[in-house]
Amino acid sequence: MEILKRTADALQQGEHQQVATLVAEALGAGIPAGDVLQQGLLAGMNVVGEQFRLREIFLPDVLMAAKAMYAGLDVLKPHLASEGVPSRGKIVIGTVKGDLHDIGKNLVGIMLKGAGFEVIDLGHDVAPEAFVDTAAREGATLIGMSALLTTTMTRMRDVVQLLRERGLSGKVRTIVGGAPVNADFAREIGADDYACDAATAVDRVKALLGA
Ligand code: B1M
């Protein structure tokens with residue numbers, strides 16, 4: 001669809017105001033929020049990632065694209081998350097220590113909230129102790145971890161290990177995700193599950209918590 005292509009292009013150019021306007025227009029035209037996300041915002045961000053990998057663009061360009069992504073997400077958020085659903089359980093989420101990438105984690109949080117979970121979002125660069133202490137203090141039954149770097153995904157293992165040391169394995173379940181993470185890695189570190197995207201994360205969390 002033309003408007004979604006324009007949204008993706010504007011995101012690549014880092015035009016945050018234009019992205020917000022185009023997202024609002026697309027929603028106003030009756031395009032489902034999920035399509036605006038996938039074919040507009042995420043399509044644009046995928047191109048940015050590839051161009052960054054090939055060194056065709058540089059970090060400031062990626063930052064501008066991320067700002068544009070957030071401008072679009074702000075408009076989209078109320079349409080992705082339905083309000084007023086009774087709580088299905090309490091969840092702690094965050095991006096692991098050393099990692100500043102939070103767009104995917106935020107999307108997962110929005111979708112989980114929309115599905116009726118109470119989400120405590122610790123943000124990015126979250127230490128293992130912060131994940132586990134918060135879950136214990138708040139009586140959360142699941143920790144969701146995100147990592148986008150091959151150098152930081154290993155920190156997920158520390159959280160699983162800490163839960164074990166504190167006798168919380170099984171009581172507090174774990175799910176991991178992010179571009180470099182996969183199901184084999186999740187198994188290897190002893191996490192309870194893995195999800196490839198935000199929609200799958202909701203399904204897997206529901207299954208893990210029997211919610
Ligand atoms: Co960076 N970055 N970045 N970056 N960045 C990547 C990840 C990279 C793949 C780019 C590349 O080289 N092609 C590369 C990693 C290489 C590697 O480790 N193998 C990289 C690098 C190298 C870096 C720096 C080291 C660059 C530098 O400084 N030289 C640096 C690291 C900083 C740090 O974290 N310490 C860095 C910095 C940045 C910015 C700050 C500029 C910015 C982040 C801004 C922000 O998040 N606020 C940024 C961005 C935007 C990207 C790319 C382009 C896009 C990431 C993104 O937001 N994608 C990325 C390239 C790429 O991934 N294609 C890249 C959109 C998002 C919706 O997808 O996060 O995958 P994603 O989330 C998905 C799924 O993975 C899943 O669901 C989400 C929705 O479907 N998911 C979960 C995610 N978490 C989940 C948790 C779950 C379940 C599912 O359960 C709990």
Side-chain angles (χ1 to χ4, degrees), residues 8 11-12 14 16 19 33-74 76-77 80 91-115 117 119-126 131 135 140-156 159-160 172-183 185-186 189 191-209:
L11 186 139
Q12 286 165 53
H16 63 276
V19 168
D35 290 357
V36 180
L37 177 65
Q38 292 294 338
Q39 296 165 41
L41 300 178
L42 290 180
M45 193 50 106
N46 284 340
V47 177
V48 170
E50 188 55 16
Q51 288 174 335
F52 183 53
R53 193 179 65 79
L54 297 172
R55 300 186 185 189
E56 292 171 2
I57 60 169
F58 301 97
L59 211 51
D61 306 302
V62 184
L63 272 173
M64 300 274 284
K67 187 174 175 190
M69 176 90 187
Y70 273 125
L73 272 182
D74 277 348
L76 208 53
K77 211 186 292 181
L80 288 171
I91 291 172
V92 175
I93 65 166
T95 304
V96 297
K97 184 85 190 148
D99 201 321
L100 305 178
H101 297 86
D102 62 1
I103 296 172
K105 180 267 300 169
N106 288 343
L107 261 178
V108 171
I110 290 169
M111 301 289 275
L112 284 169
K113 272 186 200 155
F117 292 96
V119 177
I120 302 169
D121 187 345
L122 298 179
H124 54 260
D125 192 20
V126 180
F131 276 112
T141 48
L142 184 133
I143 292 175
M145 291 169 267
S146 180
L148 264 286
L149 299 172
T150 45
T151 47
T152 57
M153 60 195 270
T154 51
R155 306 310 289 262
M156 293 170 160
V159 176
V160 174
V172 180
R173 316 302 298 273
T174 49
I175 184 166
V176 293
V181 179
N182 59 33
F185 175 75
I189 64 167
D192 291 305
D193 215 336
Y194 153 78
C196 62
D197 59 30
T200 312
V202 172
D203 292 343
R204 302 310 308 158
V205 168
K206 279 185 193 163
L208 276 173
L209 299 184

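Counting convention: from 1, in listed order, for ligands and their atoms alike. All of these numbers come straight from a predicted model, not from anything done at the bench.
Within the 4.0 angstrom cut-off, atom 19 (N) of ligand 1 has one or more protein heavy-atom neighbours. Protein heavy atoms are absent from the 4.0 Å sphere centred on atom 24 (C) of ligand 1. Using a 4.0 Å threshold on non-hydrogen atoms, atom 59 (C) of ligand 1 does not count as touching the protein. In this structure, atom 9 (C) of ligand 1 is not in close contact with the protein, since no protein heavy atom lies within 4.0 Å of it. Inside a 4.0 Å radius of atom 65 (C) of ligand 1 there is at least one protein heavy atom.
Judged by distance alone, the side chain of Gln12 and the main-chain N or O of Ala8 form a donor-acceptor pair under 3.5 Å. Within the 3.5 Å criterion, the main-chain N or O of Asp192 finds a donor-acceptor partner in the side chain of Thr174. Side-chain N or O atoms of Asp193 include none that pairs as donor or acceptor with a backbone N or O of Ile175 at under 3.5 Å. No donor-acceptor pair under 3.5 Å is formed between the side chain of Thr152 and the backbone N or O of Ala147. No donor-acceptor distance shorter than 3.5 angstrom exists from the side chain of Asn46 to the backbone of Ala43, with no hydrogens or angles considered. Checked by atom type and distance alone, the side chain of Asp99 never pairs as donor or acceptor with a backbone atom of Asp125 at under 3.5 Å.
Between Lys105 and Asp121 there is a salt bridge, since at least one side-chain N of the basic residue sits less than 4.0 Å from a carboxylate O of the acidic one.
With ligand atoms numbered from 1 in the order given, ligand 1 contributes 67 (C), 79 (C) to contacts under 4.0 Å with heavy atoms of Leu107. The contact set between ligand 1 and Gly178, taken as ligand atoms under 4.0 Å from a residue heavy atom, comprises 75 (O), 81 (N), 82 (C), 83 (C), 84 (N), 85 (C). Atoms of ligand 1 found under 4.0 Å from any heavy atom of Asp102, numbered from 1 in the order shown, are 45 (C), 46 (O), 47 (N). Close approach of ligand 1 to Asp99 (heavy-atom distance below 4.0 Å) involves ligand atoms 34 (O). Less than 4.0 angstrom separates some heavy atom of Asp197 from each of these atoms of ligand 1: 76 (C), 77 (O), 80 (O). Near Leu42, meaning under 4.0 Å from any of its heavy atoms, are these atoms of ligand 1: 67 (C). Close approach of ligand 1 to Ala179 is summarised as follows: ligand atoms under 4.0 Å from at least one heavy atom of the residue are 70 (O), 75 (O). Close contacts between ligand 1 and Ala198 involve ligand atoms 77 (O), 79 (C), 80 (O) [criterion: under 4.0 Å to a heavy atom].
Side-chain contact between Val176 and Val160 is absent, with no heavy-atom pair separated by less than 4.5 Å.
When only non-hydrogen protein atoms are considered, atom 62 (O) of ligand 1 lies nearest to Leu148 CD1, 3.9 Å. In this structure, the protein non-hydrogen atom closest to atom 11 (C) of ligand 1 is Phe52 CD2, 3.8 Å. Closest to atom 34 (O) of ligand 1 among all protein heavy atoms lies Leu100 N, 2.7 Å. The protein atom (non-hydrogen) at minimum distance from atom 2 (N) of ligand 1 is His101 NE2, 3.2 Å. Nearest protein heavy-atom contact of atom 27 (C) of ligand 1 is Leu59 CD2, 4.0 Å. The shortest contact between atom 84 (N) of ligand 1 and any protein heavy atom is with Ser146 OG, 2.8 Å. Atom 14 (C) of ligand 1 has Leu149 CD2, 4.3 Å as its closest protein atom, hydrogens excluded (heavy atom only). Regarding atom 53 (C) of ligand 1, its nearest protein heavy-atom neighbour is Gly49 CA, 3.6 Å.
The shortest heavy-atom distance from Val108 to ligand 1 is under 4.0 Å.
How far OG1 of Thr141 is from CZ of Phe117: 8.0 Å, rounded to the nearest 0.5 Å. Taking CD from Glu50 and CD from Glu56, the interatomic distance works out to 8.0 Å, rounded to the nearest 0.5 Å.
Pro180 approaches Thr150 most closely through the heavy-atom pair CB-CG2, 4.1 Å. Contact record, Tyr70 with Asn106: OH-ND2, 2.6 Å, taken as the closest heavy-atom pair. Here the closest non-hydrogen pair linking Phe185 and Val181 is CD2-CG1, 3.9 Å. Nearest approach of Met69 to Leu11, heavy atoms of both residues: CA-CD1, 3.7 Å. Contact detail for Ala198 and Met111: the closest heavy-atom pair is CB-CG, 3.7 Å. Heavy atoms only, all atoms of each residue included: Leu80 and Ala33 are closest at CD2-CB, 4.0 Å.
Of the listed options Val62, Thr95, Thr200, Leu142, Val62 places a heavy atom closest to atom 42 (C) of ligand 1. Between atom 44 (C) of ligand 1 and the options Ala66, Ala147, Gly177, Ala65, the minimum heavy-atom separation is to Ala66. Among Gly98, Gly104, Gly109, the residue whose heavy atom sits closest to atom 78 (C) of ligand 1 is Gly104.
Residue-level proximity to ligand 1 for Met145 is carried by the backbone, the only part with a heavy atom below 4.0 angstrom. With a heavy-atom cut-off of 4.0 Å, Met45 touches ligand 1 through its side chain alone. The proximity of Thr150 to ligand 1, defined as any non-hydrogen pair under 4.0 Å, involves the side chain as well as the backbone. The proximity of Cys196 to ligand 1, defined as any non-hydrogen pair under 4.0 Å, is limited to the backbone.
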*Would Val62 and Ile57 count as a side chain to side chain contact (heavy atoms under 4.5 Å, CB included) if you check the C-alpha gap in whole Å, the side-chain angles of each, and the deciding distance to 0.1 Å?*
CA-CA 8 Å; Val62 184; Ile57 60 169; 4.2 Å; yes

